> 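Quick one: this structure, given as structure tokens, is what I'll be asking you about.
Throughout, protein chains are lettered first and strands after them, A, B, ... in sequence-line order, and every chain is numbered starting at 1. All figures in this text were calculated on a predicted structure; none of them were measured in a lab.
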There are 4 protein chains.
Amino acid sequence: MVRSEKTRQLIIEKTASIFNKKGYTGTYLSDLTNATGLTKGSIYGNFKDKNEVALEAFKFNYKFQTRQIIDKIEKEDNSVNKLITFLNHYKTSFKPIFKNGGCAILNTAVDTDDGNELLKKEVVKTIHNWHKKIVSILIEGVNKNELKEIDIDLFSYRMIAIIEGSILLAKTLNKPEILLNNIEHLETEIIQLKQK
Amino acid sequence: MVRSEKTRQLIIEKTASIFNKKGYTGTYLSDLTNATGLTKGSIYGNFKDKNEVALEAFKFNYKFQTRQIIDKIEKEDNSVNKLITFLNHYKTSFKPIFKNGGCAILNTAVDTDDGNELLKKEVVKTIHNWHKKIVSILIEGVNKNELKEIDIDLFSYRMIAIIEGSILLAKTLNKPEILLNNIEHLETEIIQLKQK
Amino acid sequence: MVRSEKTRQLIIEKTASIFNKKGYTGTYLSDLTNATGLTKGSIYGNFKDKNEVALEAFKFNYKFQTRQIIDKIEKEDNSVNKLITFLNHYKTSFKPIFKNGGCAILNTAVDTDDGNELLKKEVVKTIHNWHKKIVSILIEGVNKNELKEIDIDLFSYRMIAIIEGSILLAKTLNKPEILLNNIEHLETEIIQLKQK
Amino acid sequence: MVRSEKTRQLIIEKTASIFNKKGYTGTYLSDLTNATGLTKGSIYGNFKDKNEVALEAFKFNYKFQTRQIIDKIEKEDNSVNKLITFLNHYKTSFKPIFKNGGCAILNTAVDTDDGNELLKKEVVKTIHNWHKKIVSILIEGVNKNELKEIDIDLFSYRMIAIIEGSILLAKTLNKPEILLNNIEHLETEIIQLKQK
DNA sequence: GATGAATGAGACTTCATTCAT
DNA sequence: AATGAATGAAGTCTCATTCAT
């Protein structure tokens with residue numbers, strides 16, 4: 001990694017959770033300099049503007065949540081276990097997720113709903129990728145007769161909706177059990193979809 | 001209504017959707033004056049500060065969503081129909097809700113997650129009220145043998161989570177069918193809970 | 001007193017010490033409404049503008065300090081006793097004077113030194129009157145052979161300077177004894193001027 | 001001097017007399033930008049807020065009055081000449097002092113009497129230092145038998161009171177001779193204190 | 001590549017004053 | 001006479017961004 005690339009990474013890593021907590025408009029350049037120990041000039045030497053930092057911070061936050069989970073899923077050899085593994089992630093990792101400000105997709109989708117087209121597009125792309133991943137597991141399950149026939153599109157979007165809605169409620173009301181319970185309910189549904 | 005109360009109402013009505021779309025930090029005094037045609041001095045003559053306008057705007061947005069639905073529910077005489085009526089609201093009213101900037105609870109919960117304690121408290125209070133309303137219908141249903149025995153707390157939070165998560169997805173991806181489908185799935189679940 | 005004149009008096013009485021404490025610029029219309037319980041419109045119904053209230057408040061503050069003292073002086077039949085009586089006033093009344101914000105002449109002279117010509121002129125006029133009063137006592141004393149020959153103009157201005165400077169120091173340092181000591185020194189000087 | 005320190009100095013030097021003339025509340029940010037040719041942002045880049053500028057401006061105004069005089073005093077080798085030199089300063093320098101808005105201590109003491117604790121404390125500290133300086137000269141004089149025994153505390157506070165009161169009168173009435181005459185009277189008193 | 005002083009637009013807020021009621 | 005809602009100018013301060021060094 002060249003010198004400047006290192007600084008870019010430093011800025012992204014140190015500011016990602018701030019953007020996730022305070023939002024794009026609510027995060028100030030001064031937050032970025034405070035968090036990094038760098039000067040404004042240095043931020044602008046490494047990024048075009050605040051928006052570019054926000055964009056990279058969002059990508060980082062998303063990866064932060066996804067990287068490990070993808071690895072774990074790939075190790076499983078059947079679709080049901082993959083889905084269970086995926087859901088299990090939210091049960092074991094809700095603490096660091098909450099500490100990081102909650103789900104980056106949820107936060108950024110709401111934050112960019114008005115204006116900030118670039119960031120909004122990235123969020124949409126990210127949701128699509130997430131959805132595609134779940135769909136591909138479900139297709140694999142149905143094709144290999146591990147799962148009963150279901151409406152894959154409907155089921156996958158319902159999964160995502162429950163997860164996001166549960167994170168919102170659990171975080172806002174400070175009741176993690178809402179997330180845990182709803183995830184467990186989803187797991188039960190999946191077990192019932194299993195072909196005997 | 002006295003003159004001052006009229007102006008307060010005007011300000012709230014004209015700015016509520018702006019706050020819902022742009023968030024608290026993202027809505028500027030200039031947005032308020034532009035939307036109302038009033039001067040800054042007039043805004044401050046009628047409200048303590050921007051925060052108070054935001055608070056009232058949130059309440060207004062919530063009522064905007066709730067008033068009609070409560071009325072409709074009260075007309076139903078059994079718990080199942082009440083729940084169906086409640087869910088039906090989201091199927092018939094998603095267009096004005098989306099036009100208004102989406103679900104005020106969702107938006108404001110995310111927006112106020114950092115800072116703005118007053119507004120955050122109001123959001124939490126509002127979710128609690130919403131939850132209590134659903135719980136009371138479910139209790140009524142179980143007591144009158146209209147519904148099978150279920151874990152009421154779990155079911156009610158799961159309903160709210162699905163609705164919120166679905167609004168987020170449907171609005172962000174511009175796919176209202178996600179909301180419609182997930183609502184229909186909930187309706188199916190409720191029908192299955194019916195005592196024969 | 002007609003009705004409006006009563007309200008004018010009320011405004012003046014209730015706000016005089018505020019102007020004395022906070023100065024012309026530092027006293028806000030809201031201070032005036034708070035102190036009087038009246039509305040802004042009512043203040044403007046009784047006075048041309050804030051400046052006119054300030055002017056009357058200054059006159060009131062000055063009278064507040066002067067009325068009693070003049071009365072006491074007039075009762076004395078020789079110049080030395082008149083001067084002693086005059087000086088004695090500051091020893092016995094420094095508490096209410098300080099509570100009222102200090103010497104109105106001192107405060108207003110400093111406050112109006114830049115801008116506010118009307119008020120400044122009133123202060124100058126007031127000092128002149130004060131000075132004239134002292135001069136007239138001194139002339140009477142010399143004419144009646146109660147006092148040695150002195151430079152009356154010099155002595156009178158020195159008296160005023162010591163009093164004002166002492167009030168400033170005593171109030172700022174919160175050491176009333178500075179005022180008391182300096183007044184006593186002046187009294188000693190006057191006793192020494194007595195013709196035997 | 002680094003660039004930032006230069007700008008700070010520029011702001012202080014260019015605005016000190018404005019603060020002295022118009023007071024803390026009466027001096028606006030626009031006065032500061034007009035006087036310096038800088039932008040508001042630049043003022044705030046160099047100072048925490050207006051209060052900090054006012055504080056430094058006061059210190060500057062005080063030094064403006066004091067620096068030269070201290071130097072002159074130190075060159076004298078006996079206490080009487082030190083006192084005479086000190087008093088002489090007001091006779092020779094009243095013009096620039098008046099042009100600068102008068103005595104900074106007097107003006108700021110009155111201005112900050114209500115509110116602005118930081119600035120008020122600085123004024124009190126400054127008066128204490130001034131008083132201590134005079135006291136130390138008087139003690140030296142008594143110890144070295146240059147001066148008769150006197151109550152040093154009383155005499156020193158009387159000196160300061162006369163000077164401040166005289167500046168107030170001379171400036172307000174536009175009669176510098178009041179200051180000159182009262183200073184000369186003080187000089188006479190000091191000469192009479194001389195040990196023969 | 002980094003600095004940080006300076007910018008200038010615009011943020012929130014408060015002021016004295018007016019005027020329809 | 002009194003009200004108090006509305007004004008509009010001006011207040012203090014902060015923002016993202018630029019640029020000479």
Side-chain angles (χ1 to χ4, degrees), chain A residues 2-8 24-33 36-51 53-54, chain B residues 2-8 10-11 25-33 36-51 53, chain C residues 2-8 24-33 36-51 53-54, chain D residues 2-8 10-11 25-33 36-51 53:
Chain A
V2 291
R3 191 150 131 73
S4 75
E5 191 52 34
K6 243 179 171 171
T7 310
R8 265 182 81 92
Y24 171 72
T25 310
T27 300
Y28 305 133
L29 253 296
S30 57
D31 293 320
L32 308 191
T33 55
T36 57
L38 297 170
T39 60
K40 287 180 187 184
S42 183
I43 308 278
Y44 274 84
N46 286 283
F47 292 89
K48 189 179 148 291
D49 54 16
K50 193 177 88 164
N51 205 25
V53 190
Chain B
V2 291
R3 186 147 69 111
S4 72
E5 193 50 37
K6 250 184 181 164
T7 309
R8 260 183 87 91
L10 173 93
I11 294 170
T25 312
T27 300
Y28 302 131
L29 252 298
S30 57
D31 293 320
L32 308 191
T33 54
T36 56
L38 296 169
T39 60
K40 288 175 191 180
S42 184
I43 307 279
Y44 276 87
N46 286 284
F47 292 89
K48 193 182 144 287
D49 53 17
K50 193 177 88 164
N51 206 23
V53 189
Chain C
V2 291
R3 192 150 132 71
S4 74
E5 190 53 31
K6 244 180 172 171
T7 310
R8 263 181 81 92
Y24 171 72
T25 311
T27 300
Y28 305 132
L29 252 296
S30 57
D31 292 321
L32 307 191
T33 55
T36 56
L38 297 170
T39 60
K40 288 180 186 185
S42 182
I43 307 280
Y44 274 85
N46 287 283
F47 292 89
K48 190 179 148 288
D49 53 17
K50 193 177 86 164
N51 205 24
V53 189
Chain D
V2 292
R3 187 148 67 111
S4 70
E5 193 49 37
K6 250 184 182 163
T7 310
R8 262 183 84 90
L10 173 91
I11 294 170
T25 311
T27 300
Y28 303 133
L29 251 298
S30 56
D31 292 319
L32 308 191
T33 54
T36 56
L38 295 168
T39 59
K40 289 175 191 177
S42 184
I43 307 279
Y44 277 87
N46 287 284
F47 292 89
K48 193 181 143 288
D49 53 18
K50 194 178 87 163
N51 205 23
V53 189

> Please confirm whether the backbone N or O of C/Y24 pairs with a side-chain atom of C/K50, one donor and one acceptor, at under 3.5 Å?
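Between the backbone of C/Y24 and the side chain of C/K50 there is a qualifying donor-acceptor contact (under 3.5 Å).
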> For B/R8 and F/dG4, what is the distance between atoms CZ and C1' respectively, to the nearest whole Å?
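B/R8 atom CZ is separated from F/dG4 atom C1' by 15 Å.
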> Rounded to the nearest angstrom, tell me the gap between atom CZ in B/F47 and atom C1' in E/dC12.
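It works out to 16 Å between those atoms.
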> For C/L38 and F/dA2, give me the distance from atom CG to atom P, rounded to whole Å.
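Between P of F/dA2 and CG of C/L38: 8 Å.
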> Find out whether D/I11 and D/L32 are in side-chain contact, i.e. whether some heavy atom of one side chain is under 4.5 Å from a heavy atom of the other.
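Not in contact.
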> Starting at the 5' end of DNA chain E, which residue's closest nucleotide do you reach first, B/T25 or D/T39?
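So the residue in question is D/T39.
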> Looking at E/dT3, E/dA6, F/dT7, which one has an atom nearest to any side-chain atom of D/S42?
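My answer, after comparing the listed nucleotides, is E/dA6.
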> For E/dT14, does OP1 or OP2 lie under 4.0 Å from any side-chain N or O of B/Y44?
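Checking B/Y44 against E/dT14: no side-chain N or O falls below 4.0 Å of OP1 or OP2.
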> Map B/G37 and A/Y24 onto DNA chain F by nearest heavy atom, then report which one ends up closer to the 5' terminus.
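Its nearest nucleotide lies further toward 5', so the answer is B/G37.
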> What's touching nucleotides 9-11 of chain E from the protein side, N or O pairs under 3.5 Å?
none

> Testing the basics here: between C/Y44 and C/D49, what is the closest heavy-atom pair and its distance to 0.1 Å?
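Here C/Y44 and C/D49 meet closest at CE2-CA, 3.9 Å.
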> Please convert DNA chain F into dot-bracket. A pair counts if it is Watson-Crick or G-U wobble with both distances under 3.5 Å; crossing pairs go in [ ] and bases paired with another strand get |.
.||||||||||||||||||||
> What's the separation between atom OH in D/Y28 and atom OG1 in C/T25, rounded to the nearest 0.5 Å?
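Going from the OH atom of D/Y28 to the OG1 atom of C/T25 covers 5.5 Å.
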> CD of D/E5 versus P of E/dT3: gap in Å, rounded?
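After rounding, the reported distance stands at 21 Å.
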> Rounded to the nearest angstrom, tell me the gap between atom CG in C/L32 and atom P in E/dC15.
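Distance check: C/L32 CG to E/dC15 P gives 11 Å.
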> Would you check if the side chain of C/T33 reaches a backbone N or O of C/S30 as a donor-acceptor pair within less than 3.5 Å?
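Here the side-chain-to-backbone pair exists.
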> Could you give the distance from OG1 (C/T7) to CG (C/L38), rounded to the nearest 0.5 Å?
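C/T7 atom OG1 to C/L38 atom CG measures 6.5 Å (nearest 0.5 Å).
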> Hey, could you give me the CD/CG distance between D/E5 and D/N46, rounded to the nearest 0.5 Å?
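Here the interatomic distance stands at 9.0 Å.
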> Under 4.0 Å between a side-chain N or O of A/N46 and OP1 or OP2 of E/dA2?
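Yes, such a contact exists.
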> How close or far is atom P of F/dA1 from atom NZ of C/K48, stated in whole angstroms?
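Whole-Å distance recorded here is 19 Å.
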> For the pair made of CG in D/D31 and P in F/dA10, what is the distance, rounded to whole Å?
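Nearest whole value for this atom pair: 12 Å.
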> For C/T7 and F/dA2, is the shortest distance between a side-chain N/O and OP1 or OP2 below 4.0 Å?
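Answer is yes, contact under 4.0 Å.
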> Between F/dT21 atom P and D/K6 atom NZ, what is the distance in whole Å?
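Answer to the nearest Å: 11 Å.
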